Amino acid sequence: MGGKAPHRKVAAGTPGEITNSEVAAMFRTLADLLAIEGANPFRVEAYRRAARIVEGLPRPVAAMVAEGEDLTRFYGIGKDLAGKIRTIVETGRLPLLDEMLARMPEGLLDLLSLPGLGPARVRLLHEQLGIETLRELEDAIRAGKLRRLPGFGPKTEEKILAAIARMRHPGGGRRLLAEVEETARAIETHLGTFPGTIHAAVAGSFRRRKESVGDLDCVMAVEDGAGAIRHFLTFPRRAETVSAGITRATILLDDGLQVDLRVVAPESWGTTLAYFTGSRAHTLALRHLAREKGWKLNEYGLFAGERRLAGPTEAGLYAAFGMEWIPPELREMRGELAAASAHRLPELATRADIRGDGRVRGIGPDGRVIVARQAEAARRAGLAWLGIADPMPGSGLRGALAEDALSRRAEAIARWNRKAIAPRLLPAGIFAIDPSGRIRPDPAPWRARGLVIVARPRATALHEDMTDGVEKAIATGLIDILATPTGRRVLESAEFSIDPVRLIEAARANDVCLEICGIPQRLDLSDVHARMARKAGARILLASAATTPERQIQIGYALDQARRGWLEAKDLVNTRDTPPFSVAISGEG
DNA sequence: GCCGTTTTCGGCCCGACTGTTTTCAGTCG
Ligand SMILES: Nc1nc2c(ncn2[C@H]2C[C@H](O)[C@@H](COP(=O)(O)OP(=O)(O)OP(=O)(O)O)O2)c(=O)[nH]1
Ligand SMILES: [Mg+2]
Ligand SMILES: [Mg+2]
């Protein structure tokens, strides 16, 4: 998925500086309007590329502009785009976008967002039939007007009506990575049951472990391609077939999730897997490199004239360019090609490196003590230590414990630790940091009693800036771990705003661990912020934040993002054999 | 709109599927 933007109205009048995703949305809308107008497709592409670049920045572009940073140092941002970004940051508006919105009906963007309807036909519908909205499009089809247009026919009408119907039902949008995990495994299993399967894998953003995915992209290596496609179409959860040829197919599942399949012969497995894993920018860059050398790269292989240079394996493809194999998590055009050429890719942290989980709940959703169950699950996972953290009485956090629950929890922790078997449990409490920097409740007495202090920034108003408060709270020296440090939410806007540079510097200076929270909706720190924190020398801690023992697997999602942030085992506190906190482990907590 | 020791102008990845087409444009990955 990707390309055309699902049109979303940008929240207007948001207090504070403009966010990167708002800037990106403006460029995407502009690109869509230009495309409909028939502008140079490469110019359109340039705006989409700019949107991606801005969205992927670890810092607010507004702050970068304010500090006079030269944005043209980003490949794909030239003088013009840098100027437009500056204008957006300073005025909140993009004049070219305003001008185009005044000239073109906004409803055209809704038309463009229909799968199968691109800029050329949206333009035709508008120019020839005056269609400006989905409703008008439906009416025109019902009146039999569409099939009179060149390139339109009865089938086109049908497909458009179906697309409109689908759009009115929920389920078409992006999903959390964790949400599609089960489906992805089921499809992989299904593809594996085809007798002719030599290789099968889910590629795309799922394989890159991106925090959210637009669809599932599958690859198969077989000798009998047509048979493989037929087998794919028998997946029990298939609801619709969008297209099905002899080398590829696209289906929709019962829940609206799109699944793409690409089928090739085994000698092309490596190059097809690489192509379908992406990212698009990474794939395009490889193809540019091939051209520079006078070669050609497509899904079938890397070729010098007729001669095949690579194809069967991914490693062979990268090796042909003089590169190490690049882990999928790094294929985002964030410096991985240069690093792979220099043979200086990081040795990414793995599951086997993880010795401890930063925090899980000791009190279940029903108020019962689940310390032993959490410990047993961690034991089965081979962990050496486990933080037990619940929201403190007086923290004002949702689900804050009563005093008696805290003492029952403490007894359970002490009981487990007396057994002196793995994992060692670390009693911890979650405290709240308010925008003024006050920590609730006062952590000092708790710290003295051996409790690990986990603190969470909590805004009192939407979009509030927490930077000063968090800096102040960290400076007290009373905090061990900063949980959900940036307040970001996957696929949603952040709970508060914070300057990541100052946050990370404060954490580093005071030896506070920055958490990567594994809750699928949070994944906070994000990949790019984790990378930034590592560069700055801050300590990073993965936490499943599991509210039940089953959810301890969430630490895997935190690890995914750590890997996307180029982190090695040595960069993670979790890889140490002994608990990393200086506080006494009396079990009193 | 961006970019460049081949280039400051003229390129910009490359292929599959669909529907309407009489040879291909549009859309998508
Ligand atoms: N060569 C080439 N490859 C593309 C293009 N668009 C997509 N791909 C490749 C790279 C992508 O990772 C892969 C799957 O495409 P998707 O649109 O599903 O993107 P991706 O999975 O990366 O992100 P998503 O979460 O689905 O939006 O196909 C393209 O325009 N050209
Ligand atoms: Mg796809
Ligand atoms: Mg995808």
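Given the structure is predicted, the values throughout are model-derived calculations rather than measurements. Within every chain, numbering begins at 1; the chains are lettered A, B, ... in the order of the sequence lines, protein sequences first and strands thereafter.
Summarising the base pairing, B:dG4 is matched to B:dC9 through a Watson-Crick or G-U wobble pair whose two defining distances lie under 3.5 Å.
Under the 30°/60° scheme for interplanar angles, the aromatic rings of A:F321 and A:W295 are found to be tilted.
Atoms CZ (A:R48) and C1' (B:dC28) sit 12 Å apart, rounded to a whole Å.
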Practice prompt. Heavy atoms under 4.0 Å is the rule here; annotate nucleotides 6-14 of chain B 5' to 3' with B where the base is hit, S where only the sugar-phosphate is, and - elsewhere.
Written response: ------BBB
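Across B:dC3 and B:dC13, the matching P atoms stand 14 Å from one another, rounded to whole Å. Comparing B:dC9 with B:dC14, their P atoms are spaced 25 Å from each other, to the whole Å.
A salt bridge links A:R93 to A:D98: one of the charged nitrogens lies within less than 4.0 Å of a carboxylate oxygen.
In this structure, A:I246 and A:Y47 both approach DNA chain B, and ranking their closest nucleotides by distance from the 5' end singles out A:Y47. Along DNA chain B, the nucleotide nearest to A:K79 and the one nearest to A:G153 differ in position, and the one closer to the 5' end is contacted by A:K79.
A side-chain donor-acceptor contact under 3.5 Å links A:H231 and A:T193. A:E332 and A:H282 are not linked by any side-chain donor-acceptor pair at a separation below 3.5 angstrom, with hydrogens and angles left out of the test.
Applying the 4.0 Å criterion to OP1 and OP2 of B:dT20, one finds that A:K155 has every side-chain N and O outside that range. At the phosphate of B:dC17, OP1 or OP2 sits under 4.0 Å from a side-chain N or O atom of A:T247. For the OP1/OP2 pair of B:dT27 and a distance below 4.0 Å, the side-chain nitrogens and oxygens of A:K4 include no atom meeting the criterion.
Around CZ of A:R307, the count of heavy atoms belonging to other residues, nucleotides or ligands within 6.0 Å does not exceed 12.
In this structure, A:M220 and A:A200 approach most closely via the heavy-atom pair CG-CB, 4.2 Å.
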